[in-house]
Amino acid sequence: MKCGVVVFPGSNCDHDVYHVWKHVLQQDATFLWHQDETLKDCDLVVLPGGFAYGDYLRAGALAALSPVMAAVKRHAAAGGLVLGICNGFQVLLEAGLLPGAMRHNASQRFVCRDVWLRVERDDLPYTRKLRSGQLLRMPIAHAEGNYEDSPERLDALEAAGLVAFRYASPAGEIDPAWNPNGAARAIAGICNPAGNVLGLMPHPERCAEEILGNTDGLAIFTAALETLQAGQNRQAQLYRQPGPARRLGRQEERLEALP
Amino acid sequence: MIARVTVYPRREILDPQGKAIRDALARVGFADVLEVRAGKSFEIRLQQEDRELALRELREMCRKLLANTVVEDYAVEILNGDRP
Amino acid sequence: MIARVTVYPRREILDPQGKAIRDALARVGFADVLEVRAGKSFEIRLQQEDRELALRELREMCRKLLANTVVEDYAVEILNGDRP
Amino acid sequence: MASIARGEAEPPVTAELARAQGVTAEELERLHAMLGRDPNYTELGITAALWSEHCSYKSSKVYLKEFPTSGPHVVQGPGENAGVVDVGHGWVAVFKMESHNHPSFIEPYQGAATGVGGILRDVFTMGARPIACLDALRFGEIDAPRMRFLIDGVVRGIGGYGNCVGIPTVGGETGFHSCYNGNILVNAFALGIARRDHIFKARASGAGNPILYAGSRTGRDGIHGATMASESFDAESEAKRPTVQVGDPFTEKVLLEACLEAMRGGAIVAIQDMGAAGLTSSTFEMAGRGGTGMVLDLDRVPLREPGLTPYEMMLSESQERMVVVARRGQEEEVARIFRRWGLEVAAIGEVTATGRAELRWHGERVADLPIQPLTEEAPVYRRPAAPPADLAARQAPPQVPQPADQGGALAALERLLGTPELGSKEWIWHQYDYSVRTGTVVGPGADAAVLRLKGTSSGLALKSDVNPVYCALDPRTGGAQAVAEAMRNLACVGAEPVGLTDCLNFGNPENPEVSWQFREAVRGMAAACRALGVPVVSGNVSFYNETEGRSIHPTPTVAMVGVIPSLDDLPAGHFTGAGDRIVLLGRDRGEHGGSAYLRLLYDVEQGRPPAVDLDAELRLARLLRRLVSRGLVTTAHDLAEGGFAVALAEACFGRGLGAAVDLEGIGLAGADLFSETQARALVACRPEAAERVLREAEEAGVPAADVGAAGGDQLAVKSGGELLRAPVAALREIWATALPRALGL
Ligand SMILES: Nc1ncnc2c1ncn2[C@@H]1O[C@H](COP(=O)(O)OP(=O)(O)O)[C@@H](O)[C@H]1O
Ligand SMILES: [Mg+2]
């Protein structure tokens with residue numbers, strides 16, 4: 001299965017994601033240039049971490065206008081897998097592929113540390129190897145990870161079950177003391193209604209190998225891989241059929257009915 | 001033509017940066033400050049000489065790039081060459 | 001009283017953010033933009049009702065906290081209640 | 001020879017003007033003799049920059065020669081943009097450290113940020129991909145004027161730049177002392193890796209080869225930065241303040257990618273970044289090393305604003321710029337790569353065989369200077385040196401109060417752990433991305449940082465060290481101690497040192513005391529390097545660190561790099577298993593001169609610093625490496641500031657695992673819990689390995705004692721009676737919050 005890692009000028013976790021897909025999972029991986037207009041037949045597209053275009057103006061804002069993003073949008077609309085990590089998540093928000101916006105961390109400082117993540121959805125193509133409620137330990141490293149939206153839209157997001165990960169205490173509680181950036185509702189990652197687009201602030205690619213002392217992030221990549229292998233085509237049927245897909249159908253309407 | 005675009009967090013959205021600045025001002029003795037909203041300001045020099053066309057273009061820039069309207073409001077002014 | 005403080009990088013100093021924004025605007029079709037300076041804007045609500053005293057206080061805030069005068073210039077305006 | 005143009009607005013060169021630029025009457029005379037005529041303003045400016053202390057090392061050169069610079073691993077010693085050592089598997093490590101002290105004091109964010117930018121360029125200029133940074137910071141007392149602002153700005157600046165470029169900052173050091181109240185130190189280190197046969201040098205060769213300019217445009221930034229770094233601070237420097245250089249890490253990141261890509265193509269002859277003294281030093285040094293000449297057409301230099309004079313263009317320190325000598329006919333190949341990354345490129349001249357630099361502008365020749373006399377043959381001084389008059393008083397043995405007089409050992413420990421000096425630095429390093437690039441196996445917070453070499457089983461270890469208080473009391477011992485401590489930190493993760501870089505921060509070298517401090521510190525370092533077998537492969541000197549005539553403590557920061565053959569049995573810096581036996585290696589000699597205990601608790605900075613026994617250090621380091629490589633130890637942590645008690649507490653903090661030790665057998669008690677005798681470390685091992693560890697120590701000739709075991713949630717120390725007992729969590733809280741608390745956060 002082929003993973004395309006998008007390289008914007010200023011991306012800096014592109015090689016890390018490539019490394020996991022290529023060397024840890026032993027799969028085909030390639031880089032996609034921000035000016036590319038096609039995705040070179042990639043099954044999974046990853047928007048990696050970094051500071052695309054220096055993160056000037058707002059993180060992800062300038063990158064969202066890149067030519068490659070039109071192709072990424074087409075891929076997403078066709079049900080293809082799109083994973084945005086950290087800066088990639090910010091790009092997905094700015095590009096409108098996921099709802100909401102990122103603001104500066106409540107501390108007004110860059111923060112790099114490990115956090116606890118509570119899995120909220122275990123039925124996504126990226127989370128099917130996890131259990132809801134399970135805790136993962138993952139590094140974060142960002143200055144703008146304070147997820148925000150209007151209260152009504154946040155309610156709609158929750159109602160639609162689109163929150164994939166939340167920052168939690170080691171006991172799995174939602175607790176401001178364990179929220180590293182002030183994100184609304186402790187949101188660390190969200191997906192689109194179809195579940196094929198996922199954005200998250202933590203870095204699963206930084207904890208996917210034994211030598212780094214933590215492999216909690218690997219499951220996200222292996223799940224995506226297994227999803228693709230099970231589907232054997234880019235439509236990746238699997239995650240569209242069972243329970244969650246039906247549930248999501250209804251909620252999608254609800255989300256769109258908002259003012 | 002020189003214009004100024006101001007972008008602020010929307011009223012209903014928390015402004016932690018503004019709050020942090022108000023608190024910091026209070027700490028250094030400006031007890032008088034009731035509220036601070038922290039936003040961005042862009043001074044933009046345009047070739048366009050027509051005021052109306054310039055304004056239209058500037059608003060377009062805001063929608064497309066300068067503001068994230070999910071969380072931000074924007075305002076556009078023409079400075080007529082006299083910068084503050 | 002409501003005031004606005006605008007803080008910009010000093011003229012002669014490199015403004016990488018302004019440059020990146022100008023380049024991005026050009027890429028999405030705003031070829032008309034000659035220059036962008038990217039700065040900060042603070043909307044400040046004060047208890048002070050006297051205009052002169054308020055201005056003095058605001059300038060003091062700029063020097064002490066809001067602007068870093070080594071690299072930034074600032075400007076202070078009283079908005080008289082009418083926000084842009 | 002045709003006449004040299006003199007710009008209309010440019011003043012004629014007089015002895016007074018020269019002095020204002022830091023050029024002495026003799027140096028002006030020398031320049032005059034070299035040219036056979038009067039220099040013009042531009043030529044004087046170029047010469048002032050090249051002969052500044054910062055670029056020419058004129059006061060330090062004679063001493064730096066004493067460093068050992070070769071060894072089995074050395075591929076490139078001092079003299080290039082960075083040093084290069086072989087680290088096995090066909091890889092080399094390329095590293096260097098540099099100061100950005102003065103700019104950081106003026107504008108901490110930009111000063112620190114551009115310091116990181118500059119050192120990264122020094123590394124990728126050599127064809128290496130940077131993989132890690134360290135930052136060695138010295139601040140004044142937190143309550144000193146502007147100090148909170150400076151600390152905040154420096155930390156944000158280092159993070160702001162390194163995080164954006166995507167190079168992890170994996171370690172460093174941070175100290176606080178009143179001697180830095182008016183002159184903080186910001187030393188940035190970067191390390192890159194490259195294939196051994198892919199190293200690039202900055203030697204311009206091949207007459208007719210085009211000289212390209214790539215990267216950001218030139219503005220009036222930091223004109224006189226190099227000469228400023230060669231002057232002391234006074235009230236006037238406020239007025240002389242140049243336009244602050246602003247860093248653009250985004251441009252740096254694309255410049256890095258473009259340079260590495262272009263270097264793979266074979267169209268590049270030489271490449272060099274524009275650092276201090278910008279276009280001047282980069283072009284002159286490249287031609288100087290290559291023994292060539294050059295013609296530059298200044299009309300083609302990309303400018304940020306119109307109207308820059310040749311003088312300004314040659315001395316601007318705008319950031320993120322490179323000079324590239326391309327193979328003739330292949331310049332378009334190079335240019336294409338830079339443009340693809342969105343960077344500007346311009347051909348600004350060509351290499352010649354004349355040995356001279358000829359600058360043209362507006363159809364005139366605006367400078368014509370011989371290159372080698374200005375670079376390779378710059379003036380060299382052996383400044384008068386004399387020990388400080390009060391040396392004997394400073395070194396007089398101090399009174400050492402016992403902790404019992406002041407609430408006991410626990411109170412002393414708590415107070416030490418609660419100082420910003422000994423407290424955790426995590427408030428700083430949590431603002432740095434230390435895990436990007438997925439190479440960081442051990443990040444900040446341990447002894448040495450460890451990076452894996454992807455595709456191999458081995459790793460690199462790095463750490464920076466220096467104790468300025470020791471150096472002030474006895475610079476020779478202090479210099480040696482910095483090298484020894486760095487090696488000890490490396491040994492704790494099983495690393496064998498392969499080379500070091502340094503950043504020598506001192507006061508005004510024209511002051512005989514400073515000159516003496518410098519000479520002594522360098523000799524101490526050199527002796528340690530020789531004895532320990534660690535070559536110096538690059539470095540930097542920063543003089544004139546003084547305010548209103550008061551010098552900083554001599555601060556020769558050392559950053560050492562080592563190789564770990566296998567990462568399989570890496571011990572932690574903290575206790576990891578309940579029941580693990582704790583073994584203390586090395587023997588205490590009750591040394592308190594310059595100790596943290598005396599300085600931070602009693603405000604006494606006196607005595608001889610702990611003696612450095614290089615043989616003992618070598619034996620200890622060998623033993624530690626052996627223990628690690630055999631997988632015998634689960635924990636290894638060296639003893640440093642604060643001595644045994646602080647090291648033991650730190651070893652408990654990592655996992656919150658306690659320890660119970662009894663020191664009666666080794667007779668350690670009272671103030672000596674905090675003594676700073678060198679060549680000591682704590683290790684812990686599974687109980688069944690304890691005997692083996694002790695035997696290995698004996699064979700290695702290192703005193704060793706099993707002093708207790710890890711476990712529980714209390715830290716308990718007895719020696720005869722109980723000396724201290726406290727919950728680890730409470731101590732950890734004091735230690736972890738020390739810095740933010742002092743900052744008022
Ligand atoms: N400015 C800094 N940046 C990054 N890491 C730092 C900084 N200051 C201290 N550290 C880290 O904190 C830990 C303790 O530092 P230090 O007290 O210098 O260690 P040691 O006593 O072993 O020499 C080290 O891991 C070091 O890398
Ligand atoms: Mg140590």
Side-chain angles (χ1 to χ4, degrees), chain A residues 7-20 22-24 31 33-35 48-57 59 62-63 66 85-87 105 107-115 138-144 180 202-214 217, chain D residues 129-131 152 155-156 158-170 247-258 340-343 426-445 450-455 457 459 566-568 570 572 740 745:
Chain A
V7 182
F8 300 104
S11 294
N12 63 32
C13 304
D14 41 354
H15 287 270
D16 302 352
V17 173
Y18 181 96
H19 172 74
V20 169
K22 179 97 174 180
H23 300 121
V24 180
F31 291 112
W33 186 236
H34 66 118
Q35 284 163 333
F51 287 69
Y53 290 99
D55 273 358
Y56 290 125
L57 188 59
L62 305 185
S66 303
I85 300 169
C86 193
N87 195 223
N105 296 347
S107 64
Q108 305 298 316
R109 289 179 192 279
F110 187 97
V111 57
C112 177
R113 63 180 332 131
D114 279 5
V115 296
M138 260 190 225
I140 55 165
H142 59 248
E144 295 175 55
H203 285 276
E205 81 282 12
R206 295 191 192 180
C207 50
E209 287 167 275
E210 210 67 67
I211 179 82
L212 299 176
N214 180 0
Chain D
R129 176 173 285 281
I131 61 166
D152 185 61
V155 170
R156 282 180 193 275
I158 287 169
Y161 207 97
N163 299 348
C164 180
V165 182
I167 316 300
T169 301
V170 296
D248 179 2
F250 167 64
T251 297
E252 177 100 339
K253 167 69 175 164
V254 290
L255 193 61
L256 154 68
E257 297 299 338
R340 194 175 88 90
W341 284 96
L343 292 162
E426 63 196 52
W427 178 83
I428 295 175
W429 50 259
H430 275 313
Q431 299 184 54
Y432 302 155
D433 190 339
Y434 52 82
S435 54
V436 62
R437 297 194 51 77
T438 64
T440 311
V441 175
V442 178
V450 177
L451 300 164
R452 63 169 159 163
L453 260 181
K454 280 185 191 162
S457 57
S566 159
L567 298 177
D568 290 342
L570 210 55
L745 297 171

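Order of the sequence lines fixes the chain letters, A, B, ..., with proteins taken first and strands second; residue numbering starts at 1 for each chain. Just so it is clear, the values below take in all heavy atoms, side chains as well, and ignore hydrogens, waters and symmetry mates.
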| CD1 on A:I211 to NZ on D:K454, rounded to 0.5 Å | 11.5 Å
| task | Mind checking the OG-CD spacing from A:S107 to D:Q431? Nearest 0.5 Å is all I need. | result | 7.5 Å
| said: Using heavy-atom distances under 4.5 Å, tell me whether D:D568 contacts chain A through its side chain, its backbone, both, or neither. | reply: neither
| Roughly how far apart are A:C86 SG and D:D433 CG, rounded to 0.5 Å? | 8.0 Å
| field | Toward chain A, the part of D:Y434 with a non-hydrogen atom under 4.5 Å | value | both
| note | Heavy-atom nearest pair, A:Y53 first then D:F250, reads CA-CE1, 3.3 Å
| Highest number of heavy-atom pairs under 4.5 Å with chain A: which of D:E426, D:H430, D:K253? | D:H430
| field | Nearest heavy-atom neighbours spanning D:T438 and A:E205 | value | CG2-O, 3.4 Å
| query | Which heavy atom in D:V254 sits nearest to a heavy atom in A:P9, and how many Å separate them? | reply | CG1-CB, 3.6 Å
| request: Starting at CG of A:L212, measure out to OG of D:S435 and round the result to the nearest 0.5 Å. | output: 9.0 Å
| field | Residue pair A:G54 / D:C164: nearest heavy atoms and the distance that separates them | value | CA-SG, 4.4 Å
| message | Using every non-hydrogen atom in the two residues, find where A:N12 and D:G166 come nearest and quote the distance to one decimal. | response | ND2-CA, 3.2 Å
| Engaged part of D:T440 at the chain A interface, taking heavy atoms whose separation is under 4.5 Å | backbone
| query | Which atoms form the tightest heavy-atom contact between A:Y56 and D:D248, and what is the distance? | reply | OH-OD1, 2.6 Å
| For chain D, which of A:R109, A:H15, A:H19 has the most heavy-atom pairs under 4.5 Å? | A:R109
| query | Do D:R452 and A:E209 meet the salt-bridge criterion of a basic N to acidic O distance under 4.0 Å? | reply | yes
| note | One option among D:V436, D:L570, D:I167, D:V165 has the most heavy-atom pairs under 4.5 Å with chain A, and it is D:V436
